[in-house]
Novice: 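Sharing a structure here in C-alpha cells format.
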Amino acid sequence: MAQSWRSRGALVAVAAVAAVVVAACGGSTSSSSSLSGSGAGDASSFVSSYCAIMAPCCATVKKPTDGVVCRSVVGAFTSGNSYDSTKGAACLSEMNAAKDAPGFCDGTTDGTTPDCKAVFTAAGGPSATKKPGDLCSSTKECAASSEGTVECQTYFGTGGAQTLICQIQIAGKIGDTPCIGTRVGRGVTELDISGAPVPRGYICDHANGSRCDTTTKTCAALVPVGAQCSGVSGVGDPCTVDAFCDFQSGKCAPRVAKGGACTGSSASCQDGLYCDPSSKACATAIADGQPCAAPIPCASSICVNGICGTRGSGNSLGLTLLCGS
C-alpha cells in the first residue's frame with residue numbers, strides 16, 4: 001500500500017486561505033515588469049494588496065483587520081525569494097474575484113487562484129545548483145524550474161530509511177504520468193512517498209477531476225457515484241467531490257444531506273455538516289473560528305484553545321498568525 005503524507009504551501013500553512021503559496025513553492029522566474037496601479041509592481045506592494053484582501057477574513061476570527069501583522073508575517077516568509085510581478089497581478093485579480101465566495105477564508109476555494117501558487121519562488125537562489133534527483137536537505141538547495149514547484153522531497157524506503165531529493169512537482173491532468181500525489185482541495189496535497197524517489201512528477205487535482213493511481217502511476221479520472229471504489233489504488237478518496245467511498249457497498253455514494261443517516265464518519269456528510277455520534281445523522285457543524293469544547297462537531301474536526309480550527313491550515317493557528325492576537 002502506498003505511503004502518503006499531506007503537504008501545504010508555506011502561505012497556506014500560515015494563512016490557511018486562497019491557496020497563496022509563496023515561500024517553499026514556486027517554479028516561476030523573477031519578472032521585473034512594472035504593473036502600475038495593480039498593487040503588484042513589486043513584492044512589497046503585492047504583500048500590502050494581499051493583506052488588504054485578507055482583512056475581512058481576520059474579522060471572522062475576531063482578529064485585527066489593520067493588516068499590520070499580516071504584512072509583517074507574509075513579508076518575513078517571502079523575504080529573499082524571487083518575486084514574479086506578472087503572477088502577482090494575476091493572483092490579486094483571482095483573489096478579488098473569489099473573495100466573496102463561501103469558503104474563501106478557510107481555503108476551500110483555492111482552486112480558483114492558480115496563479116497565486118507561483119508568485120514567489122523559494123528554490124533557485126544564488127547557491128541553488130542541485131538538479132532534480134540530487135540529494136538535498138533543504139528546498140533552497142534545489143534550482144528552480146519553469147515546469148512547476150520545486151521541493152526537497154522526502155521518500156521512505158525499507159525499514160523507514162529516508163531519502164531526500166530535489167523534485168519538480170508539475171500540475172497534472174488525466175493521463176499525465178508519472179503521478180506523485182493528489183491535490184484534494186482546501187490547500188492540501190496528499191503525496192505518494194513510498195518506493196523509489198521520483199525526480200519529476202505530476203500532482204493530480206480533484207479540481208480538474210483527476211487523482212493519482214499509485215498502481216499505474218498515472219492521473220486517472222475520479223470515480224463517479226455508483227461505481228466501484230473499494231480496492232481502487234491511489235492517494236486520497238477516489239470518488240468525485242460530491243461523493244464518498246462507502247466501504248459497506250464498495251461503491252461511491254452521494255454525500256448525505258442534513259438529517260440523513262451516517263455511519264460515524266463526517267466524510268460521508270455534505271460540506272458544513274458532521275456525523276452526530278448520538279443521532280447517527282448528519283447535523284450542522286460549528287464553523288471555523290467559533291467556540292468549541294471538542295473536535296466534533298467542528299466543521300474542520302479540529303478544536304484548539306477552545307476555537308474550531310480552519311480547514312485550510314489543519315489547525316486554528318493559520319489566521320491567528322496572519323491576523324495577530
Novice: Check whether any side-chain N or O of S233 sits under 3.5 Å from a backbone N or O of D213 as a donor-acceptor pair, and report yes or no.
Specialist: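 Checking the backbone N and O of D213 against the side chain of S233, no donor-acceptor pair under 3.5 Å is found.
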
Novice: Between N96 and S93, is any side-chain donor less than 3.5 angstrom from a side-chain acceptor?
Specialist: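 Result is no, nothing qualifies.
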
Novice: If you take all heavy atoms of L92 and S49, which pair is closest and at what distance?
Specialist: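 L92 and S49 have their closest heavy atoms at CD1-CB, 3.5 Å.
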
Novice: Do K217 and D192 meet the salt-bridge criterion of a basic N to acidic O distance under 4.0 Å?
Specialist: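 Yes, charged N to carboxylate O under 4.0 Å.
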
Novice: Between D134 and K131, is there a salt bridge with N-O shorter than 4.0 Å?
Specialist: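 Salt bridge: no.
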
Novice: Hey, are S44 and D42 close enough side-chain-wise for a donor-acceptor pair under 3.5 Å?
Specialist: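 Not at all, the side chains of D42 and S44 share no donor-acceptor pair under 3.5 Å.
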
Novice: So, do T182 and T189 sit near enough that their side-chain heavy atoms are less than 4.5 Å apart?
Specialist: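 No; the side chains remain at least 4.5 Å from each other.
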
Novice: Just by modelled atom types, is the C204 backbone N or O under 3.5 Å from a matching donor or acceptor in the R183 side chain?
Specialist: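 Checked: no pair found.
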
Novice: Determine if the SG-SG distance between C51 and C70 falls under 2.5 Å.
Specialist: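 Bridged: C51 to C70.
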
Novice: Looking at D176 and A171, what are the two nearest heavy atoms and their distance?
Specialist: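 Where D176 meets A171 most closely, the heavy atoms are OD2-O, 4.3 Å.
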
Novice: Using the side chain to side chain contact (heavy atoms under 4.5 Å, CB included) rule, take L273 and T284 through it: C-alpha gap first, then chi angles, then the decisive distance, then the call.
Specialist: CA-CA 5 Å; L273 306 178; T284 301; 4.3 Å; yes

Novice: Once you round to the nearest 0.5 Å, how far does OG1 of T177 lie from CD1 of I180?
Specialist: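 Answer for the OG1-CD1 pair, T177 versus I180, is 11.0 Å.
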
Novice: If you look at every heavy atom in P238 and V232, which pair is closest and at what distance?
Specialist: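 The pair with the smallest heavy-atom distance is CB-CG1, 4.0 Å.
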
Novice: Side chain to side chain contact (heavy atoms under 4.5 Å, CB included) for E141 and C152? Distances and angles first, verdict last.
Specialist: CA-CA 8 Å; E141 298 176 344; C152 181; 5.5 Å; no

Novice: So which atom in K280 and which in P277 form the shortest heavy-atom distance, rounded to 0.1 Å?
Specialist: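 Closest pair (atom of K280, atom of P277, distance): CE-O, 3.4 Å.
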
Novice: Is C229 disulfide-linked to C239, taking SG-SG under 2.5 Å as the test?
Specialist: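 Judged by the SG atoms alone, which are 2.5 Å or more apart, C229 and C239 are not bridged.
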
Novice: Might you point out which heavy atoms bring P197 and I165 nearest each other, and give the distance in Å?
Specialist: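 P197 and I165 have their closest heavy atoms at CB-CD1, 3.6 Å.
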
Novice: Counting only N and O atoms by type, is there a donor-acceptor contact under 3.5 Å from the side chain of K130 to the main-chain atoms of A143?
Specialist: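 No, because the side chain of K130 does not come within donor-acceptor range (under 3.5 Å) of the backbone of A143.
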
Novice: Go through the side-chain N and O atoms of K251 and S230 and say whether any donor and acceptor fall under 3.5 Å apart.
Specialist: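 Per modelled atom types, K251 and S230 side chains form no pair under 3.5 Å.
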
Novice: Take R255 and D271 through the test salt bridge (charged side-chain N to carboxylate O under 4.0 Å, His left out) and record every step on the way to the result.
Specialist: CA-CA 9 Å; R255 296 177 71 186; D271 277 344; 3.4 Å; yes

Novice: Between S145 (side chain only) and E147 (backbone N and O only), is there a donor and an acceptor less than 3.5 Å apart?
Specialist: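 Here the side-chain-to-backbone pair exists.
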
Novice: Would you kindly say whether the two SG atoms, from C282 and from C262, are closer than 2.5 Å?
Specialist: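 No disulfide here.
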
Novice: What I want to check is whether the side chains of Q153 and Q169 have a donor and an acceptor closer together than 3.5 Å.
Specialist: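 A donor-acceptor contact under 3.5 Å links the two side chains.
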
Novice: So which atom in Y155 and which in A196 form the shortest heavy-atom distance, rounded to 0.1 Å?
Specialist: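 It is CE2-O, 3.9 Å.
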
Novice: Would you check, one step at a time, whether the test disulfide bond (SG atoms under 2.5 Å apart) holds for C142 with C166?
Specialist: CA-CA 6 Å; C142 304; C166 291; 2.0 Å; yes

Novice: Please determine which of C298, C303, C292 meets the disulfide (SG to SG under 2.5 Å) test together with C308.
Specialist: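 Option passing the disulfide (SG to SG under 2.5 Å) with C308: C298.
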
Novice: Take Q290 and I307, measure what side chain to side chain contact (heavy atoms under 4.5 Å, CB included) needs, and give me the verdict at the end.
Specialist: CA-CA 5 Å; Q290 299 303 308; I307 301 294; over 6 Å; no

Novice: Compare the SG-SG distance of C179 and C212 against 2.5 Å and report whether it is shorter.
Specialist: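 The answer is yes, since C212 and C179 bring their SG atoms under 2.5 Å apart.
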
Novice: State whether the side chain of T218 and the backbone N or O of T216 hold a donor-acceptor pair below 3.5 Å, judged by distance alone.
Specialist: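 Checking the backbone N and O of T216 against the side chain of T218, a donor-acceptor pair under 3.5 Å is found.
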
Novice: Same cluster or not: V198 versus F156, using hydrophobic residues (I, L, V, M, F, W, Y) connected whenever any side-chain heavy atoms lie under 4.5 Å apart?
Specialist: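 V198 clusters together with F156.
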
